[in-house]
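What follows is a short report on a single structure.
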There are 4 protein chains.
Amino acid sequence: MTVQRKSTIRKDKILKAAERIFAQKGFQETTISDVAQEAGVSDATIYEYFTSKEELLFSIPGETARRGKEVIELHLKYIRGAANKIRAVVYHYLDFYQKEPNYASVAMLILKQNRKFLETKAYQDVREMSRLIIQVIEEGVASGEFKSQTDPYLARSMILGTIEHMVIRSVLLGKPENLLEWVDPLTDLLVDGLNREKGAMGWNLKINLEPREEPPGGKATPRAKTKTK
Amino acid sequence: MTVQRKSTIRKDKILKAAERIFAQKGFQETTISDVAQEAGVSDATIYEYFTSKEELLFSIPGETARRGKEVIELHLKYIRGAANKIRAVVYHYLDFYQKEPNYASVAMLILKQNRKFLETKAYQDVREMSRLIIQVIEEGVASGEFKSQTDPYLARSMILGTIEHMVIRSVLLGKPENLLEWVDPLTDLLVDGLNREKGAMGWNLKINLEPREEPPGGKATPRAKTKTK
Amino acid sequence: MTVQRKSTIRKDKILKAAERIFAQKGFQETTISDVAQEAGVSDATIYEYFTSKEELLFSIPGETARRGKEVIELHLKYIRGAANKIRAVVYHYLDFYQKEPNYASVAMLILKQNRKFLETKAYQDVREMSRLIIQVIEEGVASGEFKSQTDPYLARSMILGTIEHMVIRSVLLGKPENLLEWVDPLTDLLVDGLNREKGAMGWNLKINLEPREEPPGGKATPRAKTKTK
Amino acid sequence: MTVQRKSTIRKDKILKAAERIFAQKGFQETTISDVAQEAGVSDATIYEYFTSKEELLFSIPGETARRGKEVIELHLKYIRGAANKIRAVVYHYLDFYQKEPNYASVAMLILKQNRKFLETKAYQDVREMSRLIIQVIEEGVASGEFKSQTDPYLARSMILGTIEHMVIRSVLLGKPENLLEWVDPLTDLLVDGLNREKGAMGWNLKINLEPREEPPGGKATPRAKTKTK
DNA sequence: CATGAATGAGTGTTCATTCAT
DNA sequence: TATGAATGAACACTCATTCAT
């Protein structure tokens, strides 16, 4: 066990170092020596754990992506209402990227644009994760909470696109803003759209029609509070 | 004039070649020789027009971004209603990327992740272009068409994020889908959000006519419905 | 004893593995890992037995060369006539290389060209072995069987050069030909040269003059005749 | 022409430098930088002319091999008698290797053991060159000058093997001996074999039978006598 | 004895960029 | 203006070798 750990620890150390440096300097601009130095190992040692610089890059997701999917999957089980689930998704993404700015940088600026990454195991996890959003939307449509003509893939593009756009801005501009502040406004925007709210009436109607769903009242300023993780 | 033209033509030839090759192989994977060959000039000639490979890359927007801004600016003048303006913006972006897939590739996969590009003149044009969106939203808020608490920057992130997400998908997956099909569904989604329509006026009508389904006057003609994966 | 053996066995296993792999891939192209794997030991273990990759290479002769010399030396004692001794030498070389193609490969393609090998103990054995040929020739000259002006070193070059040239061909071209077929034709060629035999008369004369030497009659039984390419 | 020359001259300069350094240090032990330095160019320049270090090596024959074949071919036309032709061949080889010791080193110690070289254009020239020897032997057999049962391939192995063995010795041992001294003794040995000449009588017979051939009288004037070691 | 793990030292090769013509 | 030719500067990757366990 100790032995096993030793090597696992070392591997993780390298991965974390790579994440940091890649985030900072970009992939092409980073040399293996940079990573080795940051990780406190020799260049050659990196090749003990990864077959190439690219494999090192592609290994950065890995646990992260898999675990992220599991966590979000678990949480969604206990949330009622598609809108609330969207909120949870938004929360999870922003919370995660907030906590892992280096990962965010690597994912948004490097991996996302890499065609070869698409063939990666880690990308499969990413896809499965984003598949959950499709399910949430379909669920919302089925329950009547969302518009029936909603194209789930389009909606997902809207949700992920918006999140990623914000994260990229935050990462690129180096703005250390509090991403979580945006969970509610963003969710509301996604769910309600740009149009002016249609008044209490609208709500009443809705509540009347579908009493079992969450009454969005007070929704306008709900800064996520119960989120854990 | 002819002389001037000669050199301008050559410069454009190089730019177009670069755009094509960069789009195809990525920036780092492309050599100056690749571009030179594609452009039918010698390597050294490229340096007559651009001081470095990076400057060549950063020169690919240029006219495009400036002209794009002008065109969209012009059109917006003749459109009434913030929602319609959003539609126009969506249309222009998708139309443009559709017509210029190589440019889309370069912009979405290469420039977007480049920190140095942010300091570029061309990026200023991009920003100004995206500034228009802010204006449209503020206008919509001011006129009461959009929700008063709308954060224009957030809204813009939603609009651009969604568009770019779609374009990246299209570019990365090599799907030659018809992006214009999505103008209406996307605009509707952005403007109306995911929630079932409540209709102000229109709402009443709607409720009467088709209580549970979308009646929004055929506007949402989601041609794309079978979108898979 | 068992313990001692254990280590000797292991050493031999490594040597045989090295011989095989070196023969197959060449020295520079072979890694210590290759040899270790072939031998079923770890890389580090090889360094328990040999101080360097080169020492491993130089250890491949060793017994072989020493034993070869002894065997040939022994045999020559019981053979009369310089020509017959040459035949024996040719036989021994070809027979040995035939039976040990990997050794042949290593000796002919790797060791033979290695300047440092010349300073090796094993090379001394090789030299002593080839020294025997000098003796045979000098003996032949002294007895009058060979031409008096024969330069023994030149003659040895002819004998060894021819043998080695054939072995290299066989090894390089991967021809699994039966080298022993060539013992007689080759010996005859070496001894008699290219010139047409000088007729029965010549032989008679010879026999008359030097009855104690083997009458070469019938010796020329060149079994191999259709050799092609 | 000047332009063409310029690059050709440079290429030759690199080739000669490579030949020298490879001969001195061996292929693997030589770095591109070594060659570049010797040639007075930069490392990168070498790659302007050769695609790889190995291609550089394989380019060292080239003209040499082709020209060698032509020269020898031409000369053979004007020589009568197979034995004399053999002498010419021996002469040419030894003369050439004598004059080009670096080439000899590269050919004998490096190229000869390289399997990939066998697939080279240059190797084809080498083969064609050695094909000439086959022809000479067949001619000698046909004319009755050589023994009828002579296997041409075996004979060629004897001729080339002996020559190469001598050259390798000379090259490996660094003995700057005069190889040309050996032309006659070697040729005689190859042609006449080790056996004692069959007496004056034999000669007379021979002369009678084939008057136009070189009366071997005095031919065996082994100038080299002090051969040691 | 055996070896897993680590690494120092090395090198072929690439390519953006320059400049004389 | 255009380019053929040359190169400086980098870098990913390999592997023989060491050594603590």
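Here is the naming used below: chain letters follow the sequence lines, and residue numbers restart at 1 for every chain. If you're wondering where the values come from, they're calculated on a predicted model, not measured in any experiment.
Within the shown strands, E/dA5 is the pairing partner of F/dT18 under the Watson-Crick or G-U definition, both distances less than 3.5 Å. Pair check for F/dA12 finds E/dT11; Watson-Crick or G-U wobble, both atom distances under 3.5 Å.
Following rounding to the nearest Å, C/L56 (CG) and F/dA16 (P) show an atom-to-atom distance of 11 Å. For D/Q37 and F/dT7, the CD to P distance is 13 Å, given to the nearest whole Å. Distance A/K13 NZ to E/dA6 C1': 12 Å, rounded to the nearest Å. The distance from atom OH of D/Y49 to atom C1' of E/dT13 is 18 Å, rounded to the nearest whole Å. When the C1' atom of F/dG4 is taken as reference, atom NZ of D/K11 falls 16 Å away, rounded to whole Å. As a whole-Å value, the separation of A/I32 CD1 from F/dA10 P is 17 Å. When rounded to the nearest whole Å, the span between CD1 of A/I46 and C1' of E/dG8 equals 15 Å. Computed from coordinates, the A/E55 CD to F/dA12 C1' distance equals 14 Å when rounded to whole Å.
Residue-level contact check: D/F50 touches neither bases nor backbone, having no heavy atom under 4.0 Å from any strand. C/T31 comes within 4.0 angstrom of the backbone, heavy atoms only, and of no base.
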Criterion salt bridge (charged side-chain N to carboxylate O under 4.0 Å, His left out) on D/E19 and D/K16, from CA distance to verdict: CA-CA 5 Å; D/E19 189 179 288; D/K16 274 302 165 197; 3.3 Å; yes
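Checking F/dC13, E/dG8, F/dT7 against the side-chain heavy atoms of D/R10 singles out F/dT7 as nearest. Side-chain proximity of A/E48 to E/dT3, E/dA6, F/dT3: nearest is E/dA6. Nearest nucleotide to the A/K53 side chain, out of F/dC13, E/dG4, F/dA2: F/dC13.
Phosphate contact (OP1/OP2 of E/dA2, side-chain N/O of C/T45, threshold under 4.0 Å): absent. Residue B/Y47 places no side-chain N or O under 4.0 Å from the OP1 or OP2 atom of E/dC19.
DNA chain F is contacted by both A/E54 and C/A44; A/E54 maps to the nucleotide lying nearer its 5′ end (nearest heavy atom per residue). Closest-nucleotide positions on DNA chain F for A/E29 and C/T51 were compared, and the one nearer the 5' end corresponds to A/E29.
A cation-pi contact links B/K11 to B/F50, judged by a cut-off of 6.0 Å to the six-membered ring centre and 45° from its axis.
Between A/E38 and A/I21 there is a side-chain heavy-atom pair separated by less than 4.5 Å.
A salt bridge links C/R66 with C/E63; the closest basic N to acidic carboxylate O contact falls under 4.0 Å. Using a 4.0 Å cut-off between a side-chain N of Lys or Arg and a carboxylate O of Asp or Glu, A/D125 and A/K121 qualify as a salt bridge.
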